[in-house]
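To start, the structure under review is shown below, and the notes come after it.
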Protein chains: 4
Amino acid sequence: MTTSNVAESATTSNVAESAMLSGVIPPVCTPMTPDYEVDTASMTRLVDHLIDGGVDALFVLGSSSEVAYLTDAQRRTVLDTVVGHVGGQVPVLAGVIDMTTPRVLEHARVAVEAGVSGLVATAPFYTRTHPGEIRTHFRTLAARAGLPVYAYDLPVSVHTKLSADLLLGLAAEGALAGVKDSSGDDGGLRQVILGREAPFSVLTGSEVTVDSALWMGADGVVPGLGNVDPQGYVELYRCAARGDWEAARAEQERLVRLFEIVHVGGTRMGGSSSGLGAFKAALHLRGVIDCPITALPQTPLNDDEVGRIGKLLATAGLL
Amino acid sequence: MTTSNVAESATTSNVAESAMLSGVIPPVCTPMTPDYEVDTASMTRLVDHLIDGGVDALFVLGSSSEVAYLTDAQRRTVLDTVVGHVGGQVPVLAGVIDMTTPRVLEHARVAVEAGVSGLVATAPFYTRTHPGEIRTHFRTLAARAGLPVYAYDLPVSVHTKLSADLLLGLAAEGALAGVKDSSGDDGGLRQVILGREAPFSVLTGSEVTVDSALWMGADGVVPGLGNVDPQGYVELYRCAARGDWEAARAEQERLVRLFEIVHVGGTRMGGSSSGLGAFKAALHLRGVIDCPITALPQTPLNDDEVGRIGKLLATAGLL
Amino acid sequence: MTTSNVAESATTSNVAESAMLSGVIPPVCTPMTPDYEVDTASMTRLVDHLIDGGVDALFVLGSSSEVAYLTDAQRRTVLDTVVGHVGGQVPVLAGVIDMTTPRVLEHARVAVEAGVSGLVATAPFYTRTHPGEIRTHFRTLAARAGLPVYAYDLPVSVHTKLSADLLLGLAAEGALAGVKDSSGDDGGLRQVILGREAPFSVLTGSEVTVDSALWMGADGVVPGLGNVDPQGYVELYRCAARGDWEAARAEQERLVRLFEIVHVGGTRMGGSSSGLGAFKAALHLRGVIDCPITALPQTPLNDDEVGRIGKLLATAGLL
Amino acid sequence: MTTSNVAESATTSNVAESAMLSGVIPPVCTPMTPDYEVDTASMTRLVDHLIDGGVDALFVLGSSSEVAYLTDAQRRTVLDTVVGHVGGQVPVLAGVIDMTTPRVLEHARVAVEAGVSGLVATAPFYTRTHPGEIRTHFRTLAARAGLPVYAYDLPVSVHTKLSADLLLGLAAEGALAGVKDSSGDDGGLRQVILGREAPFSVLTGSEVTVDSALWMGADGVVPGLGNVDPQGYVELYRCAARGDWEAARAEQERLVRLFEIVHVGGTRMGGSSSGLGAFKAALHLRGVIDCPITALPQTPLNDDEVGRIGKLLATAGLL
């Protein structure tokens with residue numbers, strides 16, 4: 001296996017390269033104080049932890065950031081804290097997650113003012129929406145935002161799957177700069193990769209199939225687990241970029257085993273509590289953030305569950 | 001058939017009566033100007049149209065109000081406009097529709113400040129939430145809001161069905177004052193009606209089974225179609241309240257036929273566009289609001305579709 | 001409330017009456033021996049129990065009959081046992097439940113040979129099927145079966161909802177003689193009732209909203225719980241037919257409380273095990289069948305659960 | 001990249017090797033005559049086409065075989081025709097697709113009599129089934145069948161996803177010999193691959209991610225598209241087995257483009273009609289089968305659609 005696919009994206013022209021997002025772009029967790037406010041000190045430590053880990057960009061206000069639980073004031077605090085602290089070292093993307101176009105445009109306005117480099121938006125949710133209306137949604141956002149827009153394909157939350165046709169159409173007309181695919185449907189991901197004609201960043205949101213997504217031609221990864229182990233994903237990506245796929249796979253398999261932390265909450269809580277709680281518990285155990293609390297109404301992990309997360313971290317060489 | 005079930009709710013003590021919502025409570029549409037701002041002049045005309053029609057309360061910022069499409073500023077405009085114009089003639093409930101507890105609490109704070117009489121909230125959405133977490137959500141809202149909280153059961157939007165067990169438990173502990181059931185599951189509705197012990201308002205959100213819901217013991221109805229024909233629903237309710245079920249059924253059947261307006265948009269648009277667009281087109285045709293526009297990214301009805309709505313209005317005796 | 005809607009169906013011409021199914025039509029459980037064979041002795045006792053209870057027809061090989069668990073030989077045993085024992089006292093309908101048209105046609109052939117009066121079929125399942133193909137399915141079955149065909153609307157099993165449009169279209173062309181609506185969507189049920197032009201039997205499959213379905217104009221009910229308490233549903237229907245809706249409601253409310261037996265299995269088993277197991281446990285406790293066993297891979301109810309079913313039976317006056 | 005993962009499965013002991021299914025195992029289409037009977041002459045030509053193409057085993061009576069549409073007599077004809085014609089050249093697996101354990105056991109009995117080498121079964125469908133009951137289902141089948149049993153994970157049809165935990169548990173106790181994963185969830189596939197301890201064949205059913213599934217450690221592929229182009233999948237597998245992943249990817253990408261044939265039916269028909277119709281149209285265009293007809297109630301492809309399939313075949317070098 002040569003490095004062709006990763007290398008190709010690295011050898012495109014400067015203009016395209018600047019527009020073309022790639023590499024490891026973790027969706028940054030939002031640390032909170034015990035009274036559920038944004039813990040900006042922990043947040044900046046987390047940002048340093050990620051940048052020191054070698055990530056290529058940051059994605060704030062995504063699902064792993066508990067964006068659905070943050071008030072508008074808290075979202076703004078996150079934006080200001082991260083954009084200010086990063087100071088241009090890496091691009092910062094911002095999620096503009098809300099139900100429909102007018103509400104998303106409001107979040108976009110705030111994010112643009114805060115100085116982010118790109119926006120990440122889902123299809124409308126809560127409403128019953130036609131594919132043609134999803135198109136209108138992304139076109140309107142792209143036309144008004146003045147920044148690259150990335151589609152966020154997350155059927156488990158949005159209850160709509162963005163089809164390859166829809167994504168490729170919006171890519172061709174320049175309305176979308178890329179997609180974060182958290183659908184788990186790697187066949188669809190591949191259809192987009194092979195079908196794209198213009199530069200269009202394809203980023204997988206699946207923590208456990210990054211090597212294969214890169215192998216198919218994906219440009220990068222947005223791994224929630226990358227909060228816990230940024231070096232792991234950076235190493236995985238670099239191995240792939242230099243064509244050492246065996247090493248990429250070995251690293252990926254270690255991360256697959258680490259990913260078990262998201263299941264320790266089991267069926268006594270919702271999937272959001274279990275997954276986001278695990279990331280924060282691990283960050284707390286690793287000393288990155290002060291408090292592992294998650295926003296209401298999520299169920300906290302108990303001591304036994306946190307203990308099991310600790311063991312999985314130790315096995316992965318992270319404690 | 002006697003009037004017992006409806007009459008019973010009318011003969012409870014004053015205290016309970018004041019807390020116990022009943023009758024016709026339309027979810028008020030949000031008229032917009034051609035540039036998508038809240039049209040406050042049309043909004044107050046619509047409020048007058050509803051109060052003149054004899055409704056018992058108003059529900060603003062519900063799904064039929066396009067709440068999912070309104071910015072926070074627009075939501076506030078709606079609250080101020082309606083609460084101000086109503087001036088205490090009837091209770092005004094406000095939807096506090098958002099993804100999770102912290103965001104819902106923000107909307108609740110604004111609605112309380114605006115002077116509403118009660119809040120209507122869904123279970124969390126977008127996130128993956130456990131029933132225990134839904135309980136925490138409603139309990140937290142009830143504890144902090146200082147106003148009666150009504151659960152909004154709308155699986156088509158929220159992708160969770162509120163079980164009778166969950167509702168009855170929250171009713172028993174005083175966290176919920178009632179439910180607006182838009183699930184279409186009248187068996188579940190009946191389980192709640194028969195299982196409630198404390199006063200607990202059961203309101204159906206289904207436009208087409210109001211007579212039978214009242215017959216089962218429901219306390220009222222929250223009909224989107226009530227924007228178009230408030231007199232119809234008020235007449236239906238009054239017939240039921242005085243035990244004239246034949247007349248109630250005849251009125252209901254007329255309204256079932258009128259409800260066909262929500263389907264004229266067919267499959268070329270989403271269900272939200274078709275339903276909300278039809279209500280607004282009908283209000284425009286009836287001269288209540290100035291402009292039938294719906295928020296982005298909804299698809300507008302075309303002339304042919306509006307023409308068919310006009311015919312259905314004429315058949316129903318409304319044009 | 002007059003008896004008009006029920007009475008109307010009773011005063012139509014003889015021809016229409018013979019074609020028009022109405023009243024109480026229980027989906028007959030399939031009693032089994034401890035080694036999972038059809039217990040024909042218990043089966044005939046159950047048939048007598050139902051006919052003595054006053055039911056208007058029998059529906060064998062429906063979901064409550066565990067049709068999904070019966071081999072073809074067992075299905076044939078059921079048909080022969082019941083048709084033979086009934087001897088024309090009441091009509092016997094047969095479910096022809098399978099994935100697609102060719103397999104359904106095979107079951108139809110066997111049922112016709114056995115001498116049943118009508119067939120009950122779902123839309124195709126397991127396959128991904130277009131509404132136009134569902135139409136072809138029912139048309140083909142109707143054309144070849146030589147017996148009235150009733151559509152079985154059961155989205156929880158079939159994962160397709162039969163729309164009012166589709167049903168009314170097939171009714172108009174004579175392909176369907178009626179519908180058993182187990183969708184729980186009483187708004188849709190009403191659309192069919194008000195939209196039908198030709199004679200078309202609308203039967204509700206919901207045990208807990210029979211009074212209201214009859215009130216809307218439904219012709220009858222197919223209640224799984226009718227196995228346990230046929231007299232209850234017959235009484236409910238007769239009250240409605242003579243216009244005593246108060247009494248119908250009181251009887252319905254007693255049956256709603258009895259229906260709680262289907263929930264005692266809780267979350268430790270599938271919904272099929274819990275519901276079908278409860279019907280059989282109740283029939284066993286009432287002395288109608290010899291053994292309450294359900295087919296594999298269903299989970300049996302334990303002693304505690306059976307004890308709770310006994311208490312609910314006693315409360316309902318059935319033990 | 002070394003050939004380690006593929007090679008490892010090839011170098012295990014003879015005993016394990018005989019039990020361990022790997023390579024290319026197409027789900028064999030069922031050609032029909034114009035009057036919808038099994039066309040045994042075309043069927044044997046298709047078998048020769050596949051064996052000549054180099055496939056490692058055959059899977060009859062799977063979803064791509066239209067198993068859901070075949071009567072029991074037709075299923076038996078398929079079994080006898082294929083097992084007889086193959087004469088032991090390659091293993092033949094048989095789908096035993098039905099709703100529940102007793103019905104599946106009947107199909108198993110017939111398949112065992114016909115002389116197949118293994119059975120492929122889904123979880124129960126149509127019924128509402130608990131994970132513990134799914135376990136009972138597979139255990140019962142394994143205990144009684146006397147042949148290796150492979151789980152068929154096909155949520156789009158069965159409406160249940162088989163979890164990695166469930167599969168690994170059944171693998172550990174010897175109840176399952178492998179899984180055909182058509183869920184499209186390659187993250188889950190990987191969890192099974194990394195979690196298995198006993199020999200357990202992991203076969204992907206996704207036509208478009210075969211290279212990456214093999215890269216993750218999967219043992220083989222069950223591609224519906226393999227009917228049309230067996231050589232393509234055999235070449236892909238062989239490239240992977242000898243460690244030439246670049247060539248594997250190039251072949252896979254050619255097949256991704258060919259796979260577009262399943263979408264030419266578009267939204268005017270169901271997904272089954274479009275996919276199965278495309279495979280048969282392509283086999284007819286390539287001269288392998290006499291008639292491209294699909295079973296009722298599927299919608300046939302029209303001339304224009306068949307023309308587009310022809311062009312895609314030509315582009316892929318197959319016409």
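Naming: A, B, ... by sequence-line order, numbering from 1 per chain. Note: hydrogens, waters and symmetry copies are ignored here, and every other heavy atom, side chains too, is used. Here the structure is a predicted model, which means the values were calculated and not measured.
The most heavy-atom pairs under 4.5 Å with chain A, out of B:Leu296, B:Thr136, B:Leu105, B:Leu154, come from B:Leu296. Comparing A:Met269, A:Gln298, A:His137 by heavy-atom pairs within less than 4.5 Å of chain B, the highest count is held by A:Met269. Your options are B:Ser273, B:Pro131, B:Ala73, and the one with the most heavy-atom pairs under 4.5 Å with chain A is B:Ser273. Note: B:Arg75 leads B:Arg75, B:Arg135, B:Arg139 in heavy-atom pairs under 4.5 Å with chain A. Of the residues considered (B:Gln74, B:Glu133, B:Met99), B:Glu133 shows the highest number of contacts with chain A, using heavy-atom pairs under 4.5 Å.
Contact of A:Arg268 with chain B is made through the backbone alone, with heavy-atom distances under 4.5 Å. Contacts between B:Ser274 and chain A at a heavy-atom distance below 4.5 Å are absent for every atom of the residue. The parts of A:Tyr69 that come within reach of chain B are both its backbone and its side chain, each placing non-hydrogen atoms under 4.5 angstrom from that chain. Within the 4.5 angstrom heavy-atom criterion, only side-chain atoms of B:Thr140, from C-beta onward, approach chain A. Of the two parts of A:Pro102, the backbone and the side chain both hold a non-hydrogen atom closer than 4.5 Å to a non-hydrogen atom of chain B. Proximity to chain A (any heavy atom under 4.5 Å) is shown, for B:Tyr126, by both the backbone and the side chain.
In the displayed structure, A:Arg308 atom CZ is contacted under 6.0 Å by more than 12 heavy atoms of other residues, nucleotides or ligands. Around the CG atom of A:Asp303, the shell of radius 6.0 Å holds no more than 12 heavy atoms that belong to other residues, nucleotides or ligands.
A salt bridge links B:Asp98 to A:Arg103: one of the charged nitrogens lies within less than 4.0 Å of a carboxylate oxygen. Checked for salt-bridge contact, B:Glu106 and B:Arg109 meet the test: a charged N lies under 4.0 Å from a carboxylate O. Using a cut-off of 4.0 Å between Lys/Arg side-chain N and Asp/Glu carboxylate O, A:Lys161 and A:Asp153 are scored as salt-bridged. Using a cutoff of 4.0 Å between basic side-chain nitrogens and carboxylate oxygens, A:Glu66 and A:Lys280 are scored as salt-bridged.
Ring geometry for A:His159 versus B:His159: interplanar angle under 30°, hence parallel rather than tilted (30 to 60°).
For the 3.5 Å distance criterion, the side chains of B:Thr129 and B:Thr127 qualify, holding a donor opposite an acceptor.
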